[in-house]
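Presented below is the structure to which this report refers.
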Amino acid sequence: MNLQDATTPYSAMTVEAETWMPPAAPLAMPRQTLERRGHLAGLADVARAFLLRRKA
Amino acid sequence: MTLQQRQLAADGATRFARAFAVFLSLGCAALASMLLAEAAARDGFSGWDGIRALLVFATTAWLAWGASLALIGLFGGRSTPPRPALDAPQPRTVIAVPICNEDPLTTFARIAAIDRSVTRAGVTADFVVLSDTRDDALAGKEQFAFARLLRETDGQGRIFYRRRRDNAGRKAGNIEEFMRSSGGAYDLAVILDADSLMEGETIRAMIARMQADPQLGLLQTLPKIIGARSFFGRALQFASWFHGPIFTRGLARMQGPTGPFWGHNAIIRVRAFAESCGLPELSGPPPLGGHILSHDYVEAALLARAGWKVEVDETWGGSFEEGPENVLSFARRERRWCQGNLQHARLIFAPGLAGWSRFVFLQNVTAYVVSLLWAAFLITSAISTLYAPPPEYFPGPYQLFPVFPDTSTREITLLALGVLGLLVVPKLLILLHAILTKRARDFGRSLRMSLSVLTEIVLTTLLAPLMLLYHSRAVLQVLSGQDGGWPANQRNEGRLSLADGWAAGRWIVFIGAAIIAAVQWVAPDLTIWLLPVAVPMLLAPLLIAWTSRPLPRTLFAVPEDAAPLDVVAEYDSICDVWRLTWNDEHLMAKPKAADLTHAPA
């Protein structure tokens with residue numbers, strides 16, 4: 001793992017002490033989307049989910 | 001709803017439980033609101049009365065929702081969850097302990113105790129300490145303690161330590177960094193806090209559940225508080241052991257496969273977590289923007305969004321944590337959680353979330369905002385009396401005898417009793433259930449247990465006005481843009497003096513005095529109704545100091561007092577030995593900053 005990896009979202013400046021580091025086994029952890037451009041889109045999503053549930 | 005979410009749709013019993021809770025909440029709220037409106041209408045219904053009716057509706061609905069959890073837990077909870085055996089080969093498991101500025105001796109003693117317990121249970125698991133400690137001197141002590149831990153557990157190659165220099169994202173960022181750099185080596189991760197203790201058998205059972213159910217993304221246990229010494233701490237501890245399982249059973253039924261994550265004493269499926277729970281920073285500055293503070297609820301929602309089951313199991317006994325020992329440390333914790341929960345308001349309409357996840361975010365916000373609503377109700381009650389018309393004793397012309405106005409005492413009394421009932425009746429029902437099912441013998445038998453329950457009710461009633469002010473202040477601070485951050489827990493805080501109580505609580509005294517003075521001036525008839533709220537406020541310094549005093553174990557007895565579980569006894573024993581030989585001068589040389597050398601996966 002490269003400490004200077006620019007794609008790592010958090011600065012992973014870690015300190016080694018002897019051989020205490022956990023095993024190197026990278027795993028991708030993509031950033032999730034939690035915000036919409038506008039709340040109207042969010043409200044539309046909730047309304048759509050409600051209407052679909054009623055249809056079902 | 002996505003395809004994955006439809007596959008995880010709540011079953012009939014869960015839908016019924018939710019419907020019952022909604023019906024009960026709205027019904028009680030409507031009744032409370034009607035009683036208030038009826039009382040107010042006697043002297044003319046003003047706009048202020050309308051506001052009061054709405055406030056009473058909202059606050060009563062919240063109380064009733066909490067009561068419904070207990071009722072569902074008592075009468076409608078699900079049957080005991082499955083207990084599959086752990087098959088070979090065991091999933092690759094790591095027990096992760098994120099820490100930040102913790103006491104090294106107790107933290108690593110806990111890890112040593114858990115390691116022994118896990119080994120006895122036949123579980124193969126690595127440990128990793130994920131340090132975000134800022135202070136170099138304290139980090140040195142951590143590494144000294146870790147070196148000792150390695151020697152005593154022969155843990156080289158299976159117990160790891162990583163210290164992050166940059167603690168971006170706090171605990172969530174700490175865990176994320178581990179996932180990104182080492183997550184591929186493990187199938188499952190048990191997430192603990194620095195003060196967590198877990199029995200090896202419980203961890204084994206959790207791993208077995210995850211192994212048996214490939215759709216289970218996260219399994220949360222119910223941590224019970226241990227090690228409490230003060231009156232306040234032991235009351236909290238008692239509630240966590242006595243009431244906690246019933247309320248959580250109700251919660252488990254209501255939440256179904258969209259359960260909670262409380263950040264620790266839980267097990268996660270590493271790949272599911274990594275694929276689903278990469279948290280972004282929210283737009284805008286703190287306190288409502290920036291890093292997500294109460295990340296655990298958000299991670300649970302994201303797992304559900306991706307189609308993973310998230311469940312809570314309150315039936316396991318071997319899951320423990322420590323709790324606050326006094327009102328002030330409790331209030332500090334509440335301030336952190338308030339800010340984290342109010343951030344959830346921004347996530348209610350996040351894309352793709354399950355409906356129940358959105359509702360959980362709304363609940364999280366309401367849990368703190370409701371205190372402001374109660375405060376607003378008290379204020380508007382006093383204001384509304386200013387607008388009440390004076391009584392008309394002689395409404396008709398040439399009337400000889402006066403007509404005295406109807407009082408609203410009956411309606412207000414019924415309302416007050418109803419609100420009190422929602423708070424107290426669930427706890428009394430749990431008490432009755434414990435007596436009838438012999439649960440009482442775990443809590444010192446019926447008489448002692450009953451005394452504990454009643455004392456806990458009295459204590460929480462006395463402290464409720466203080467908590468109302470602490471919560472209201474926290475909400476107002478957050479809404480006014482004050483970022484409280486997420487300072488590390490100050491564990492093992494001791495006894496508070498009356499001077500400490502006065503320094504921390506004098507603002508509450510002033511508010512209590514102001515309330516009595518104001519109400520006595522504008523509406524003297526209301527004064528007696530406000531005494532249950534105002535008197536505890538006047539006594540705040542005394543309550544804060546007095547409840548921090550040590551309490552003998554005769555009151556608030558819990559099962560762990562009589563027969564400590566092995567891991568707790570082991571931890572106490574290790575602490576005793578380490579304290580005898582702990583020497584702060586034996587610090588390691590400063591660790592070298594070098595290229596990473598990871599252990600082989």
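Atom set for the values below is all heavy atoms of this structure, side chains included, hydrogens, waters and symmetry mates excluded. Note that this is a predicted model, so its numbers are computed, not measured. Residue numbers begin at 1 in each chain, while the letters A, B, ... track the order of the sequences.
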Looking only at heavy atoms, which two atoms of B/A185 and A/P23 are closest? And how far apart? CB-CG, 3.9 Å
Spacing of A/W20 atom CH2 and B/L150 atom CG [to the nearest 0.5 Å]: 6.5 Å
Could you tell me whether the side chain of B/R180 and the main chain of A/M29 form a donor-acceptor pair under 3.5 Å? yes
Flag, side chain of B/S181 to backbone of A/P26, donor-acceptor distance under 3.5 Å: no
For the student: nearest non-hydrogen atoms of A/T33 and B/R305, plus distance: O-NH1, 3.0 Å
Between the main-chain N or O of B/S283 and the side-chain N or O of A/E35, is there a donor-acceptor pair closer than 3.5 Å? yes
Hey, is CZ on B/R92 packed in by over 12 heavy atoms from elsewhere, all under 6.0 Å? yes
From the list B/G183, B/C277, B/G184, the residue making the most non-hydrogen contacts under 4.5 Å with chain A is B/G184
Positive for salt bridge (charged side-chain N to carboxylate O under 4.0 Å, His left out) with A/R31, one of B/E176, B/E275, B/E281: B/E176
Could you give the distance from CG (A/L27) to CZ (B/F178), rounded to the nearest 0.5 Å? 10.0 Å
Within 6.0 angstrom of B/D154 CG, more than 12 heavy atoms from elsewhere: no
What heavy-atom pair brings B/P280 and A/L34 nearest, and what distance separates the two atoms? CD-CD1, 3.6 Å
Is it the side chain or the backbone of B/V298 that comes within 4.5 Å of chain A heavy atoms, both, or neither? side chain
Residue list, salt bridge (Lys or Arg N to Asp or Glu O under 4.0 Å) with B/R148, at least two apart or on another chain: B/E152
